[in-house]
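Read through the structure below, which is laid out as structure tokens, and then see the notes.
Letters go in sequence order (proteins before strands), and every chain restarts at 1.
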Amino acid sequence: MLRSGKRELIELYKTLLKEYGEQNWWPADEEYHRVHGTDPREEVVIGAILTQNTNWKNVEKALENLKREKILSFEGIRNVSSYKLAELIKPAGFYRQKAKYLKNFVTVYPSIGELEKTTRDELLKVKGVGKETADVILLYALNRLSFVIDAYTKRLLFRLMGIQGDYETLKSFFENNLPKDLKVYKEFHALIDEHCKRLCKKKPLCETCFLKERCRFFNNLL
DNA sequence: GCCCAGGGCACTG
DNA sequence: CAGTGCCATGGG
């Protein structure tokens with residue numbers, strides 16, 4: 001079990017929120033779904049699979065292609081051929097693999113209604129849905145209190161606080177030390193990613209970082 | 001040309 | 001259970 005870090009974690013959240021503002025993840029095109037009578041939560045799920053190890057900008061191109069074809073929904077994915085789907089999502093990379101994952105997902109879960117009844121364990125059985133994707137779906141599409149861990153989160157937690165661990169360990173660390181608040185879960189994950197994209201990159205920009213005074217990495221404590 | 005990005009799976013030791 | 005190879009595009 002990791003040491004308690006309630007105050008430290010909350011302070012980090014507040015600092016990031018003040019610095020970067022609300023991120024409002026996960027983005028969905030509400031207008032598109034209003035016009036086409038589809039559910040924006042299905043776009044969240046589709047985006048979650050498309051963004052696996054991929055730049056969000058590339059995912060946006062793929063989502064635009066799906067919108068152009070009016071198939072940005074579970075039903076739309078189900079009714080398009082695997083070949084055409086793969087071509088449409090090509091900008092997101094790993095496109096043949098992701099086309100299979102999407103096709104499989106909408107077979108297991110015909111609609112958001114079916115998905116609402118699922119559990120984390122059930123999601124993890126679906127081929128193409130690992131821990132992070134499952135937690136993204138649970139948190140951002142289904143509004144469940146399930147904290148998302150990704151490569152950025154692992155990197156920031158290690159550099160800043162010297163905390164290491166596998167996925168479930170880090171997930172528990174956040175969930176045990178944060179208030180059970182959907183907004184906090186959603187924003188905190190998004191803010192961590194934003195911070196790592198801007199400053200805490202693989203080659204970190206420590207000199208310009210507003211967290212350096214409290215960072216173990218910067219202070220050579222790792 | 002190189003490196004990286006909002007991972008996951010299959011296989012190996 | 002840790003390590004490795006593979007999947008692939010687009011931007012810096």
Side-chain angles (χ1 to χ4, degrees), chain A residues 13 16-17 20-29 40-66 68 82-109 118 120-142 144 146-159 164-171 174 184-205 208:
Chain A
Y13 170 65
L16 291 174
L17 184 58
Y20 297 121
E22 293 193 10
Q23 303 297 304
N24 293 315
W25 277 17
W26 202 281
D29 188 337
R41 291 175 294 176
E42 294 184 357
E43 177 180 350
V44 174
V45 174
I46 294 166
I49 291 171
L50 289 178
T51 197
Q52 290 171 353
N53 202 40
T54 300
N55 190 315
W56 181 253
K57 290 293 180 189
N58 287 8
V59 176
E60 287 182 325
K61 298 183 205 295
L63 291 174
E64 285 302 318
N65 290 343
L66 296 178
R68 196 182 61 245
S82 294
Y83 177 78
K84 184 170 182 183
L85 176 60
E87 290 301 308
L88 291 171
I89 66 173
K90 190 174 279 190
F94 305 131
Y95 59 94
R96 285 186 289 268
Q97 207 180 94
K98 287 174 180 174
K100 284 182 193 168
Y101 290 170
L102 286 171
K103 276 289 190 180
N104 181 55
F105 194 93
V106 300
T107 301
V108 177
Y109 299 107
T118 199
R120 186 168 192 262
D121 285 339
E122 291 298 320
L123 274 173
L124 290 175
K125 291 177 188 166
V126 180
K127 200 180 300 282
V129 179
K131 295 176 192 295
E132 182 181 340
T133 305
D135 286 332
V136 166
I137 290 170
L138 289 168
L139 180 62
Y140 292 99
L142 301 180
R144 309 254 188 104
S146 192
F147 203 87
V148 179
I149 304 297
D150 61 4
Y152 287 149
T153 311
K154 292 178 184 173
R155 187 160 79 207
L156 185 66
L157 219 54
F158 177 59
R159 285 183 180 161
Q164 296 185 74
D166 61 19
Y167 191 98
E168 302 297 340
T169 303
L170 296 184
K171 178 179 173 66
F174 279 94
V184 173
Y185 275 44
K186 291 181 178 182
E187 283 298 322
F188 203 178
H189 171 66
L191 286 164
I192 288 170
D193 282 23
E194 186 64 19
H195 179 66
C196 288
K197 273 190 260 193
R198 294 205 204 184
L199 298 175
C200 205
K201 308 165 182 260
K202 275 199 172 177
K203 290 168 68 80
L205 306 178
T208 58

Main-chain N/O of A:A141 paired to A:E42 side chain as donor or acceptor, under 3.5 Å: no

Heavy-atom protein contacts under 4.0 Å, nucleotides 5-12 of chain C, coded B base, S sugar-phosphate only, - none: --BBBSS-

Side-chain donor or acceptor of A:E187 paired with backbone N/O of A:Q23 under 3.5 Å: yes

With sequence neighbours excluded, residues passing side chain to side chain donor-acceptor pair (under 3.5 Å) with A:Y101: A:Q97

Pairwise distance CG(A:L66) to NZ(A:K61) - rounded to 0.5 angstrom: 14.0 Å

All salt bridge (Lys or Arg N to Asp or Glu O under 4.0 Å) counterparts of A:K171, not counting sequence neighbours: A:D135, A:E175

Stem regions touching DNA chain B, defined by at least 3 consecutive Watson-Crick or wobble G-U pairs below 3.5 angstrom: B:2-5 with C:9-12, B:7-13 with C:1-7

Nucleotide B:dG8, atom P - distance to CG of A:L50 in whole Å: 13 Å

Sugar-phosphate only, base, or nothing, as touched by A:K202 at under 4.0 Å among non-hydrogen atoms: sugar-phosphate

A:Y185/A:F174 aromatic ring centres below 6.0 Å: no

DNA chain B-proximal residues of residues 121-136 of chain A, any heavy atom under 4.0 Å: A:V126, A:K127, A:G128, A:V129, A:G130, A:K131, A:E132, A:T133

Separation of the P atoms in B:dA10 and C:dA8, to the nearest angstrom: 14 Å

Protein-nucleotide distance (A:Y167, atom OH; C:dC1, atom P), rounded to Å: 18 Å

Spacing between A:Y152 atom OH and B:dC4 atom P, to the nearest angstrom: 11 Å

ring-ring contact (aromatic ring centres under 6.0 Å, His included) partners for A:Y20, two or more places apart: A:H195, A:F210

Nucleotide B:dC9, atom P - distance to CD of A:Q52 in whole Å: 8 Å

